[in-house]
Number of protein chains: 2
Amino acid sequence: MANIDDVARLAGVSKGTVSNVFTQKRGVRKEVAERVLKAAQALNFKPNYWARTLSMKQTSIIGLRMPGENTKFSKFHLSLINGVLQTCFEHGYRLLVNTLATDYQEMPKYMTTNPVDGEIFLDPEHNDARLMQRTELDPPAVVVGRPPEALRHRLCYVDNDNETTAEQVTSYLLELGHRDILFLNTSQQRTVSVDRKRGYEKALIQAGIALKPKLHIFKNPSTPSLDYGFRSIRELVTKGVSFSAVVTDTDKVALGVYRAAAELGLSIPNDISVFAFSDDSVFSPEFHPPLSGVSLNAEELGREAANLLIRRIQDNSAPIVHQTILSNLVVRQSCRNLNSTIIHL
Amino acid sequence: MANIDDVARLAGVSKGTVSNVFTQKRGVRKEVAERVLKAAQALNFKPNYWARTLSMKQTSIIGLRMPGENTKFSKFHLSLINGVLQTCFEHGYRLLVNTLATDYQEMPKYMTTNPVDGEIFLDPEHNDARLMQRTELDPPAVVVGRPPEALRHRLCYVDNDNETTAEQVTSYLLELGHRDILFLNTSQQRTVSVDRKRGYEKALIQAGIALKPKLHIFKNPSTPSLDYGFRSIRELVTKGVSFSAVVTDTDKVALGVYRAAAELGLSIPNDISVFAFSDDSVFSPEFHPPLSGVSLNAEELGREAANLLIRRIQDNSAPIVHQTILSNLVVRQSCRNLNSTIIHL
DNA sequence: CTGAAAGCGCTTACAG
DNA sequence: CTGAAAGCGCTTACAG
């Protein structure tokens, strides 16, 4: 592969001049620039990305970091990533998905600086190792979701108002006359589980309803979403725990609930009402009955997270920002109004 | 940020030795290695990724390239990416999603080498600029899908046997007694559209059925999938074109068909049977009626593409491989058997 | 096993 | 506007 010296020689200029033609940071006489470009083309030359990076100390790459290792992206992540990519596209950044095993990172061989200008952290947890280990020297970061309390004021983040949303969903079900509302929450280590828990309990307490521990379940991180919904319902029903409505973490969990109901011969919404957080599937309307849910606007979360990050990369004096993205309830037909004899629309 | 010299000084060794401790390519006396590691830790030192890359000439990053610009990932891509990431994880690679606008790449400022060891190309098209422009000097590539004919023998690729699958799907519908089978194919510029077209026509011809051009439609790339399904059906029905079955590009297109049918007061499967390629949603079974489709095993496509690529990166004499991933028909309840009066299961 | 030096391929003051 | 030289922070023969 031709390098900058070859081009300089062929064009009859110094390599500084070749560099200037490409970086466009310093003007070069038009005629000279053309000669250089022509020489570059003839030699199939492009500036070496890593050499440039080494001297410029910036990569125009932003990183995306999942919790744990080898986690799979969900559909929520998909929308989020599409949002991130859109912003990347607009600003000329690339996106690097970090998949390195954490024990790799302990090995000297793989212990290196992170080849990005900044990073987006997904699905923060309470004692999030990724976040806790960060030092002042690390590149800028933006979290999607609420960071651990201890780091909250030090980090940029973009989040929905999950507490309020959970409260709204619960209130909605209360208004429909439900009293025993099962909450299939996400796994307890995720910070969002606390926010939703708070909203859920707040609504119940406000309505003067006692909290029943049996009706609030946290996901086991290793259980697939579908099974989580399916098994929880089957188990509770078998045990004779009664509930008339269930709020699920995602529409995939809700799907598990639908399947369990079908197997148990229970009707949705007549026997069980269902409401899902994270209504990120275009298919929810095709559920039978169409599934009510809250739309988190994942794409916007991603877009804004990337925007915040790029702003901080380009201006390290940019302020720490906490941005809230609107989420909205989408009421379809999976919840029954117990106050009337007809099914709630 | 501390560099290798600082560490060498603190540990009282040369920087070559520090390097050896980290790269582990040459043995270092245990006692010395520990001293170096301790010094590194004290200074919060990690080898600089870019500097290492520049001298080693490998990044341990593989690229993912979409066609066109700023395209969004679909659910098919999501599964595929999850497969790629799994392989990356196993081999210690990172994944870089290239989102740069192509006109950026024409600007000297953004014209650089690609910072990856190899690339995976998605959704190949007939005169795919990404592929056509490649030179011998570019890093190894693997295509997911069939490359343009001219490049076929020169490139590794992983693909389903789309022709056979399309033939099977069509035959299945023919066996059910359908004669007017509408095919909502993907956009014409994608190579896969040709394979499916071939399979579809082959089955029809074999059954002695004349091809009706009106019953074979190609997607307009800029039309959203849902609209494509919805509008095509509405338009054809309005125009009085008759068909009893429709094969769609994806389950999202099928969803559009479902909606159009609902609006037109047509029943699925009684009035229209539906069969979808790319059954990559966990939600298809929840359609009403459950949607029959072909599962492309996107995750495996991704896993194998990454495997092939990494093999070629690590051994540039590795052979050019064309790998076929099995796809399988999943028959649910969206197709009617015209030969009997009951609905086909 | 260890050190000193050259080299990877750029960019960037500095001097003209 | 242009050139010569230093520097970015590593790795890798080479010599011991």
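Numbers restart at 1 for each chain; the letters A, B, ... are given by sequence-line order, proteins then strands.
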Apply side chain to side chain contact (heavy atoms under 4.5 Å, CB included) to A:E34 and list each qualifying residue two or more places apart in sequence or on a separate chain.
A:K30
If the condition is side chain to side chain contact (heavy atoms under 4.5 Å, CB included), which residues does B:R154 pass it with, not counting sequence neighbours?
B:L151
Could you tell me if the side chain of B:H126 sits less than 4.5 Å from the side chain of B:T191, heavy atoms only?
yes
Considering only heavy atoms from C-beta outward, does the side chain of A:I81 approach that of A:L85 to under 4.5 Å?
yes
Distance-only donor-acceptor check, side chains A:N48 and B:T113, under 3.5 Å:
no
Using ring centroids (six-membered ring only for Trp), state whether A:F45 and A:F22 fall under 6.0 Å.
yes
Passes side chain to side chain contact (heavy atoms under 4.5 Å, CB included), B:I320 versus B:H153? Steps please.
CA-CA 8 Å; B:I320 302 276; B:H153 57 288; over 6 Å; no
Gap separating the OG1 atom of B:T53 from the CD1 atom of B:I61, nearest 0.5 angstrom
7.0 Å
Rounded to the nearest 0.5 Å, how far apart are OG of A:S74 and CG of B:L78?
7.5 Å
Looking across every strand, which nucleic acid part, if any, lies under 4.0 Å from B:S19 by heavy atom: base, sugar-phosphate, or nothing?
base
Taking DNA chain D as the partner, which of residues 38-62 of chain A come within under 4.0 angstrom of it by heavy atom?
A:L54, A:S55, A:K57
Residue-level proximity of residues 28-37 of chain A to DNA chain D when a heavy atom falls under 4.0 Å
A:V28, A:R29, A:V32
Stems involving DNA chain C, each a run of at least 3 consecutive Watson-Crick or G-U pairs under 3.5 Å:
C:1-3 with D:14-16, C:5-12 with D:5-12, C:14-16 with D:1-3
Taking any atom under 4.0 angstrom from a heavy atom of chain B, which nucleotides of DNA chain D are the first and last to qualify, 5' to 3'?
D:dG9 to D:dC14
Would you call A:R130 and A:E119 a salt bridge, taking side-chain N to carboxylate O under 4.0 Å as the test?
no
Can a donor-acceptor pair be found, under 3.5 Å and without considering hydrogens, that links the side chain of B:D123 to the backbone of B:P67?
no
Walk me through whether B:V158 and B:E300 qualify under side chain to side chain contact (heavy atoms under 4.5 Å, CB included).
CA-CA 10 Å; B:V158 178; B:E300 200 181 339; over 6 Å; no
